[in-house]
Chemist: 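Structure below; questions to follow.
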Amino acid sequence: MSSRKQYIAGNWKMNKLSAEAASLAAEIVKGSKNASCRVMIAPPFTSLGEVSKVVKGSNVILGAQNMSNEKSGAHTGEISIDMLKDLGVGVVILGHSERRIIYGETDQFINSKIKLAMKEKMEVIFCVGETLEEREAGKASEIVSKQVINGLKDIAKTDLSMITIAYEPVWAIGTGKTATDKDADDVHSIIRKTLTKIYSADVAEKMVIQYGGSVKPENAAKLLSMENIDGALVGGASLKAEQFLAIVNCAK
Ligand code: PEP
């Protein structure tokens, strides 16, 4: 039995206006009072201020979905780490496949954001995952390991307690297709082996690795019972309190 605390995070993506976000957050705060896992919600930037007031003093952590790799300055349309901190954000999702694929974020660019987050003491959920073509070509392990190595380049071992890895196979995100428990666990185990190679076995053993990709109340318990799966990054099902809380309740 591992000592890793399970961690359930909701990525609301580009959904919910401020009032809806505040009311969803209030339901989640109420329903997570006795949660045995860590619980995080990441509303869109425009709702962070409202949701921040709702989660204050609760055990729900406020997350952001992205941030700039620069601390401040002439970056039209970007959101800085200080702006997130100012709103009470404690964790930022970086390297999500939608950012990688639609907005062209590279491993190196994501690494620069992770470095900034570490320097400024902000927790990170660092997403990795292969596309369908890469999986079908038998390259899933190679791709995911490369993303882990490049994303964590020059990140000190002592900073890793601030990083959670989310394994999100791109073909399972928002598609209703979930990786089988065994397939997901196998990739999580490969991520741990990669961490052992770049850091050490004790670091790899401590690292929390979430699974993401069409996690729902119906499949959460099985996924979360796997040896190497320590939580979930949830998209669609995090937009309904009842579904998200059902997943939270599956966590140990
Ligand atoms: C996600 O976007 O991180 C995600 C896992 O989405 P979904 O749960 O909708 O597949």
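Note: hydrogens, waters and symmetry copies are ignored here, and every other heavy atom, side chains too, is used. Every number for a ligand or one of its atoms is a count from 1 in the order of the listing.
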Chemist: Are any of the heavy atoms in K216 under 4.0 Å away from ligand 1?
Modeler: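 Heavy atoms of K216 never come under 4.0 Å of ligand 1.
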Chemist: Between N150 and Q147 (side chain of the first, backbone of the second, donor and acceptor by atom type, cut-off under 3.5 Å), is there such a pair?
Modeler: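 No, the answer is negative, given that no donor and acceptor are paired below the 3.5 Å cut-off.
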Chemist: When you look at CG of N34, are more than 12 heavy atoms from neighbouring residues, nucleotides or ligands closer to it than 6.0 Å?
Modeler: no
Chemist: Output the list of atoms in ligand 1 that are nearer than 4.0 Å to some heavy atom of A172, sorted by atom number.
Modeler: 10 (O)
Chemist: Name the one of V124, L116, D82 that satisfies side chain to side chain contact (heavy atoms under 4.5 Å, CB included) with M67?
Modeler: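 It is L116, the one option of V124, L116, D82 that forms the side chain to side chain contact (heavy atoms under 4.5 Å, CB included) with M67.
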Chemist: Under a 3.5 Å threshold, yes or no: a donor from one side chain and an acceptor from the other, between Y167 and E130?
Modeler: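 Side-chain D/A pair, Y167 to E130: present.
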Chemist: Please list the nearest protein heavy atom to atom 8 (O) of ligand 1 with its residue and the distance rounded to 0.1 Å.
Modeler: G235 N, 2.8 Å
Chemist: Please state which protein non-hydrogen atom is closest to atom 9 (O) of ligand 1 and give its distance, to 0.1 Å?
Modeler: G236 N, 2.8 Å
Chemist: Provide the number and element of each atom of ligand 1 under 4.0 Å from a heavy atom of G174.
Modeler: 7 (P), 9 (O), 10 (O)
Chemist: Do you see a donor-acceptor pair shorter than 3.5 Å between the side chains of K157 and S200?
Modeler: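 Yes - a donor-acceptor pair under 3.5 Å links their side chains.
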Chemist: Does an N or O anywhere in A237 fall below 3.5 Å from an N or O of ligand 1?
Modeler: no
Chemist: Below a 4.0 angstrom heavy-atom separation, can you tell me which part of N11, side chain or backbone, both or neither, approaches ligand 1?
Modeler: side chain
Chemist: Is the closest side-chain donor-acceptor distance between K115 and N111 under 3.5 Å?
Modeler: yes
Chemist: Do E20 and S23 get their side chains close enough for a donor-acceptor pair, meaning under 3.5 Å?
Modeler: no
Chemist: Does the side chain of Q6 come within less than 4.5 Å of Q210's, by heavy atoms?
Modeler: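 Side-chain contact under 4.5 Å: no.
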Chemist: Identify the protein heavy atom lying closest to atom 3 (O) of ligand 1, giving its residue, its atom name and the separation to 0.1 Å.
Modeler: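 Here the closest protein heavy atom is E168 OE2, 2.6 Å.
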Chemist: Under 4.0 Å, heavy-atom basis, I'd like to know which part of C127 is in contact with ligand 1: side chain, backbone, both or neither.
Modeler: neither
Chemist: Nearest protein heavy atom to atom 1 (C) of ligand 1, by residue and atom, and its distance?
Modeler: H96 NE2, 3.3 Å
Chemist: What atoms of ligand 1 come closer than 4.0 angstrom to any heavy atom of S214?
Modeler: 7 (P), 8 (O), 10 (O)
Chemist: Measure the distances from the heavy atoms of S238 to every atom of ligand 1 and state whether one is below 4.0 angstrom.
Modeler: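 So S238 does not count as touching ligand 1.
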Chemist: Report, in ascending order of atom number, the atoms of ligand 1 lying under 4.0 Å from any heavy atom of G213.
Modeler: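 Once the distances to G213 are compared, the set is 5 (C), 10 (O).
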Chemist: Please check if the side chain of K252 supplies one atom and the backbone of L224 the other of a donor-acceptor pair under 3.5 Å.
Modeler: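 Yes: the side chain of K252 pairs with the backbone of L224.
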